[in-house]
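Shown next, in structure tokens, is the structure this report addresses.
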Amino acid sequence: VSCAFVGMIMPELNITLSYGFHIYSYQGGTFKSLALSMAGSAIGNSTYVQKQWKQTSNNLDLLCALSNNSLLVIDEMKQLNRQIALSDIIMQIGNNQGRGRMAQDGVSSREQLRWQLCYLSSGNKATEQYILEREGGDLMCAEETRLYNLQMITPTNFHNKDTNVSFARHIHTSISKHHGIAGYNFI
């Protein structure tokens with residue numbers, strides 16, 4: 001949830017690169033998507049805040065620009081189009097600007113989209129495994145410092161709820177009742 005507030009204070013802290021956290025688990029039932037919903041709910045309705053990796057690179061540029069000085073939440077890394085190099089996307093998001101594009105006149109360039117943000121991602125594998133399988137390469141240091149991997153473990157404490165399902169329902173109910181309040185009060 002604290003990631004929801006980082007983008008808002010990045011300019012004040014002179015943080016020059018955008019960065020993110022990739023939450024992964026090799027097994028189901030670890031509430032990765034729920035964790036992303038909780039973070040997104042801090043700044044708004046997580047139904048609208050949370051996006052999918054199933055995007056074109058152009059649309060990812062736009063999502064980053066729209067999330068400037070805020071949080072971008074992207075669920076299920078495995079859905080990223082195989083024709084898009086994940087390593088390039090990580091660098092592009094981390095470098096705070098979209099790809100350069102030629103203007104229609106053919107002699108000038110269009111204004112590049114720019115942003116500064118924190119983002120959360122989720123998936124069933126660590127980022128380096130996706131890159132190895134998709135691109136045949138290793139995760140480079142520059143990519144690793146722009147998207148940190150956090151392995152999620154299966155929770156065992158359900159905070160006075162009988163099962164993981166009742167715990168998840170309780171969290172979803174709380175999210176729907178209280179979304180956006182924390183971000184509003186933070187600002």
Side-chain angles (χ1 to χ4, degrees), residues 1-25 32-33 35-44 46 48-102 109-152 183 186-187:
V1 173
S2 61
C3 290
F5 307 108
V6 172
M8 297 178 204
I9 60 173
M10 288 173 89
E12 302 301 320
L13 299 176
N14 293 321
I15 297 173
T16 57
L17 297 175
S18 293
Y19 65 91
F21 298 94
H22 176 68
I23 301 169
Y24 74 98
S25 176
K32 297 179 302 285
S33 297
L36 268 59
S37 292
M38 288 170 53
S41 74
I43 59 170
S46 61
Y48 303 109
V49 173
Q50 190 167 330
K51 305 299 181 191
Q52 300 291 318
W53 273 102
K54 192 175 186 176
Q55 307 279 339
T56 64
S57 58
N58 289 342
N59 203 54
L60 281 170
D61 284 358
L62 181 58
L63 290 175
C64 288
L66 292 172
S67 300
N68 186 41
N69 294 333
S70 189
L71 173 69
L72 176 61
V73 179
I74 318 172
D75 200 11
E76 293 299 340
M77 187 177 276
K78 70 180 176 188
Q79 292 183 349
L80 181 65
N81 184 329
R82 287 198 162 275
Q83 295 175 339
I84 301 172
L86 177 59
S87 55
D88 291 346
I89 293 295
I90 292 169
M91 293 300 294
Q92 186 172 319
I93 293 173
N95 289 336
N96 298 350
Q97 63 185 10
R99 294 182 301 162
R101 293 174 175 83
M102 182 69 72
S109 54
R110 294 184 349 206
E111 186 176 337
Q112 283 181 282
L113 295 174
R114 298 187 183 280
W115 56 80
Q116 186 175 29
L117 55 84
C118 180
Y119 69 107
L120 290 175
S121 168
S122 75
N124 296 328
K125 302 172 190 171
T127 308
E128 58 263 18
Q129 289 176 292
Y130 283 112
I131 290 175
L132 179 64
E133 291 172 8
R134 295 165 56 95
E135 302 169 30
D138 292 326
L139 186 68
M140 305 299 275
C141 183
E143 297 151 1
E144 203 167 21
T145 59
R146 287 169 175 81
L147 183 60
Y148 302 95
N149 284 290
L150 300 172
Q151 185 173 6
M152 196 162 196
F186 184 78
I187 292 171

Item checked: Nearest atoms (heavy-atom pairs only) where K32 meets S25 -> CD-N, 3.6 Å
Check: When L63 is tested against each of I74, N58, L72, V73 for side chain to side chain contact (heavy atoms under 4.5 Å, CB included), which residue passes?
Finding: L72
Check: Out of curiosity, M77 CE to I23 CD1, how far, rounded to the nearest 0.5 Å?
Finding: 11.0 Å
Note to self: For V1 versus A42, what's the shortest heavy-atom pair and its separation?
What the structure shows: CG1-CB, 4.0 Å
Check: Under the 3.5 angstrom rule, does the side chain of D75 hit a backbone N or O of S122 as a donor-acceptor pair?
Finding: no
Checklist line | Working for side chain to side chain contact (heavy atoms under 4.5 Å, CB included), residues R114 and Q112 | finding: CA-CA 6 Å; R114 298 187 183 280; Q112 283 181 282; 3.7 Å; yes
Check: Is R134 reaching over with its side chain to a backbone N or O of L132, donor-acceptor style, under 3.5 angstrom?
Finding: no
Notebook entry, point to check: Is there a side chain to side chain contact (heavy atoms under 4.5 Å, CB included) between I89 and W53 once you walk through the steps?
Noted result: CA-CA 11 Å; I89 293 295; W53 273 102; 3.7 Å; yes
Next item on the list: Determine the minimum heavy-atom distance between C64 and L117, stating which atoms define it.
Entry: O-CD2, 3.2 Å
Next item on the list: Return the minimal non-hydrogen interatomic distance between P11 and M8, and the atom names on each side.
Entry: CD-O, 4.0 Å
Check: Between E143 and M140, is there a donor-acceptor pair closer than 3.5 Å when you use the side chain of the first and the backbone of the second?
Finding: yes
Margin query: For the backbone of S18 and the side chain of N96, can you confirm whether one donor and one acceptor N or O come within less than 3.5 Å of each other?
Written below: yes
Check: Hey, are the side chains of L71 and L120 touching, using non-hydrogen atoms and a 4.5 Å cut-off?
Finding: yes
Check: Passes side chain to side chain contact (heavy atoms under 4.5 Å, CB included), C3 versus F21? Steps please.
Finding: CA-CA 9 Å; C3 290; F21 298 94; 3.6 Å; yes
Note to self: Taking the cut-offs as 6.0 angstrom to the six-membered ring centre and 45 degrees off its axis, would you call K125 and Y130 a cation-pi pair?
What the structure shows: yes
Note to self: Tell me whether W115 contacts the main-chain N or O of I93 through its side chain, where contact means a donor paired with an acceptor under 3.5 Å.
What the structure shows: yes
Item checked: Non-hydrogen side-chain atoms of K78 and N124 separated by less than 4.5 Å -> yes
Note to self: Is any side-chain heavy atom of Q92 closer than 4.5 Å to one of L60?
What the structure shows: no
Next item on the list: Heavy atoms only: give me the nearest L86-E135 pair and the separation to one decimal.
Entry: N-OE2, 2.6 Å
Check: Would you say E128 and N149 make side-chain contact, with heavy atoms under 4.5 Å?
Finding: yes
Notebook entry, point to check: Quick one: CE on M38 to CD on Q50, what's the gap to the nearest 0.5 Å?
Noted result: 12.0 Å
Note to self: Does any part of the side chain of Y19, heavy atoms only, come nearer than 4.5 Å to the side chain of C118, both counted from C-beta?
What the structure shows: yes
Margin query: Looking at D61 and R101, is any side-chain nitrogen of the basic one under 4.0 Å from a carboxylate oxygen of the acidic one?
Written below: yes
Item checked: N81 and T56, any side-chain heavy atoms less than 4.5 Å apart -> no
Check: Rounded to the nearest 0.5 Å, how far apart are CG of L17 and OG1 of T145?
Finding: 7.5 Å
Check: So, N59 side chain and Q55 main chain: donor-acceptor pair closer than 3.5 Å or not?
Finding: no
Checklist line | Minimum-distance pair of heavy atoms, taken over all atoms of S57 and I84 | finding: N-CD1, 3.6 Å
Margin query: Show, in sequence, the C-alpha distance, side-chain angles and deciding distance for M152 and Y24, and conclude whether the side chain to side chain contact (heavy atoms under 4.5 Å, CB included) test is met.
Written below: CA-CA 6 Å; M152 196 162 196; Y24 74 98; over 6 Å; no
Checklist line | Heavy-atom side-chain contact between R146 and N95 under 4.5 Å | finding: yes
Item checked: Distance-only side-chain donor-acceptor flag, N68 / Q116, under 3.5 Å -> no
Check: Heavy atoms, side chains only, cut-off 4.5 Å: are S70 and I43 in contact?
Finding: yes
